[in-house]
Every structure is written in structure tokens, then in C-alpha cells.
Amino acid sequence: MRMVFLTGQSRLRTMACLVLLGVASVPALAQAQSANVAEGQKLAFDRSKGNCLTCHDIKGGNLAGTIGPALVDIKSKYPDRKELVAIVSDETKRNPTTVMPPFGRNHILTEQEINAVVDFLQTL
Amino acid sequence: MTMRRLSGVALAGLAIAVTLFAAPPAATAADTPNPPADLKAFQKYFKDKFPKVKFEDFVNGPYSMDEGLYKQWKEKEEFPPYEFALDLGKELMAKPFKNGKTLADCFPNKGIGIRQDYPHFDAKQGKVITLELAVNQCREANGEEPYSYTKDEMAAVTAYMAFTSRGKVFDVKIPDDPRALAAYENGKRYFYTRRGQLNFSCATCHVQSPGERIRAEVLAPALGILNAMPIYRSEWSGMGTTSRRFTSCNSQVRGVPLKPQDEEYRDLEYYLSYVSNGLPISGPGARP
């Protein structure tokens, strides 16, 4: 439980399925959108994927670390999603000494996965 | 919040640290190794970052960083979980090998009160000798099987040696020998080099983020980080040596750990111990 970066299966997988079922009757676009948000949250919380809770307090997660700032008001702080994609892909570009891992550059997350994470970030 | 704190003076300090320490080993004049200057800058960085922490308290790892934890720890010390290891260690030091000699015979003062002198640079072997390596060299020289480096007997004998050295300050020397200086530089480079898929160096966690929580764990400062080794960890349900901690920290960052007592790990231990000179041995430690 304590091992910081060891793989742990996310309980959110089941939750993501429920969300998918729940939105089955709404229009296709909204459906794709919220599926992406749920997927993004799952990726962000999954210890073998984003594992963002290691460093960031994020609504809906627990046992968050304090190395990075709490992720709040992200939508208003970064209205342009490109900025968020850039931060998650490789924050060392903005800040060479950052401790945040370069999720895109080091292939921890795929481009598609980063997009889902950013969809989720935009709900914060 | 971290960023706010890191952003001012500390970040400037770090930028210097990063350029100074992470510089490639090119032999330009500006890069001339200067361990005493490193030590001063290193200790100053932590003193400035944590003005409220007493200097001797840096040896208590995560406990020095968090008042709540500090209290829990003081309570735990009343029934220290490493006690059994001390008894075993004492016994193993005195137990005769097949040839009649003992582990104690291999060490100055029978291994009592000498922890602070390790690692040292051995001119004959041309390499850094850590306490763990010295224990196994002794066993092998006397026809015995080496101990596993990570726990059990090795943790027990090093725990006993640390315990009998408590309060003595780290006194690691870098002799006037280019090989010793090269080993020190190599350890320093290892410490500041980012690696693994997550792009972390040892310094990312233990210089840039001590006192912060990584999930639920409070990160220990790099200053004094070896003074309490070996440690009992509830998470391990047992004791672990410096070798065990190094390899597990490497695995945490999805890096490939080196073999225990690999040259790089010994050099790393040499560097980290040297920059903690002046701080008392506090081992064995107990951790959550």
C-alpha cells in the first residue's frame, strides 16, 4: 500500500464502466466527452499510469502528496488546453528543474491518454 | 504550495546546485573537485531551507521534518523494534568462524564505536570500502559465505556497530589520492543524475522535496540521510541496510537498481556520508 510507485489496480475501472452505462442514452458527443473525462481520471489516479496523486491533491483522490500544488481551478488558470497538454507532456520545458515527470516525452502516457487526462483536468 | 516555497532563494540555490553538481565530469578549471566546498554548500542549503530544525536532528530522516511524526517516533523509541537485531548483531560479531576467528577480529577496536569512519577509501584495493563490504570481505577472507547485503544478518551486525557508535560524528575522509577524489565525484554525479522513466535523481526527492509528502510518506532530507542506517521499517516488517534502501529507491522510480555494493552505490555512499560529516551516527533507526 505504501510503496510509492508500485503498480496497484485502480478501483476506478469499474466506476468508468458505470459512467459509460449511465450516459448510454445521451447524445454521442457528450457521451464521448464524459467517457474521456472518466478515462482521464482513471489514468490520473492509476499508480502505474499518471499516479498524479503522488504529488498533487486532486478532488476525488485520497492520500495525496504535497510535492506539487493542489490541482484546483485548472480550467480558469489554463483556459487553453494546449498549455495543459504541454505541462503533462514535458514540464521540464517550462521549468528545467521541475520534479514533475515528463509523461509524454518519456512515454509514460500516450498522446491519447494525455488528452484524456487533460479532459479530466479541465473539469477541475 | 511547494512551488511557492521553492521559487525564491531555494530555487536559486538549487539552480546553482544543479549546475555545480550535475555538470558533466569534464575537467575544466571551474569543475575542479572541491569536497570541502561541496560540504559547506550542501549543509548550508539544508540549514537555510529548514531554519527551525536543529543541526543534529537532520539525522532523524522524515522525523526531523514533521512534528507529528517526531512525537510518534519518540514514543516508538521506548520499545525500539530493532532491539532483536542488536542482540543478534552482538552475537554474530563474537561467534567464532570455522577457523576460530571472529567478525570482530577484522575491525579496529573489535568493531565497537567505529561506524563513523565508514566508508573509507582503501589505497591498496583502490576502492571505496563501505561497512557492509568490509563485513563480507572479512567473512570471505576467513572462508565463510558472505551475508546477503540487504537484511537479516548484515542488518543485524551493522545495526550493532551503529548502535555502539551513536553520538560519534561522521568523519569520512577523502585522502589526497586522485582515485579517491574520482570515486567521490562519481558518487556525486550519480546522486544528481536524473534517470528512469520518471526522470528522477536522488536529489529530486531528497534535496528538492524533503519534508514534502510523496503519497503518505514524508521525504527525508539528504543531509544526514545515512546516519540512521540500517533501519527497521514497518513496511518491510523488518530491518533493511543501506543497500536495501538504495535499491528500493531506484525501483520506486521505475529505474533498474544496481547490484548491492556495486561500485556506483559505494561511491554514492562515500559522497553522501562525506557531506554529512559532523553529524552524529543515530542508527539503527525505526521508520513507519
Side-chain angles (χ1 to χ4, degrees), chain A residues 1-8 10 43-58 60-74 77-78 86-110 113-114 117, chain B residues 1-7 10-22 62 65-66 192 194-220 233-237 240 245 247-255 257 287-288:
Chain A
M1 174 59 201
R2 281 281 191 66
M3 281 311 285
V4 181
F5 283 109
L6 285 192
T7 343
S10 165
L43 289 163
F45 289 5
D46 189 330
R47 282 177 190 246
S48 66
K49 284 293 190 174
N51 201 12
C52 317
L53 288 170
T54 292
C55 300
H56 296 286
D57 195 359
I58 306 173
N62 51 32
L63 284 183
T66 57
I67 296 178
L71 298 184
V72 289
D73 301 329
I74 295 298
K77 193 163 175 194
Y78 300 102
I87 292 171
V88 179
S89 298
D90 188 358
E91 170 69 354
T92 66
K93 285 207 180 119
R94 235 180 24 152
N95 172 11
T97 62
T98 188
V99 307
M100 179 158 156
F103 292 93
R105 171 160 64 85
N106 277 9
H107 308 290
I108 303 162
L109 299 173
T110 65
E113 288 172 333
I114 289 173
V117 168
Chain B
M1 52 213 98
T2 318
M3 267 326 280
R4 319 284 116 84
R5 220 179 308 146
L6 257 177
S7 59
L11 200 66
L14 253 180
I16 295 167
V18 168
T19 37
L20 263 183
F21 297 148
M65 302 279 100
D66 186 294
Y192 291 97
R194 291 183 179 229
R195 63 177 60 78
Q197 198 184 21
L198 298 174
N199 200 39
F200 289 155
S201 67
C202 310
T204 305
C205 289
H206 297 293
V207 175
Q208 251 178 296
S209 322
E212 296 298 342
R213 268 182 293 114
I214 182 159
R215 284 278 176 172
E217 292 194 272
V218 175
L219 285 166
R233 279 178 71 80
S234 315
E235 189 192 304
W236 291 338
S237 312
R245 193 63 256 195
T247 49
S248 54
C249 278
N250 272 155
S251 313
Q252 276 175 14
V253 300
R254 297 183 201 157
R287 299 288 179 259

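Just so it is clear, the structure is predicted and the values come from calculations on it, not from any experiment. Below, chains carry the letters A, B, ... as their sequence lines are ordered, and counting in each starts from 1.
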* Side-chain donor/acceptor of A:Thr66 to backbone N/O of B:Arg213, under 3.5 Å -> yes
* **Non-hydrogen side-chain atoms of A:Ile67 and B:Ile214 separated by less than 4.5 Å** => yes
* Shortest non-hydrogen contact from A:His107 toward B:Gln197 -> O-NE2, 3.3 Å
* Asked: Is B:Gln208 reaching over with its side chain to a backbone N or O of A:Thr97, donor-acceptor style, under 3.5 angstrom?
  -> yes
* To do: Begin from the C-alpha positions of B:Leu198 and A:Ile108 and carry the test side-chain contact (heavy atoms from CB on, under 4.5 Å) through to its verdict.
  => CA-CA 8 Å; B:Leu198 298 174; A:Ile108 303 162; 3.7 Å; yes
* **Donor-acceptor contact below 3.5 Å, side chain B:Asn199 vs main chain A:Pro101** => no
* Asked: Rounded to the nearest 0.5 Å, what separation is found between the OG1 atom of A:Thr54 and the CD atom of B:Gln252?
  -> 9.5 Å
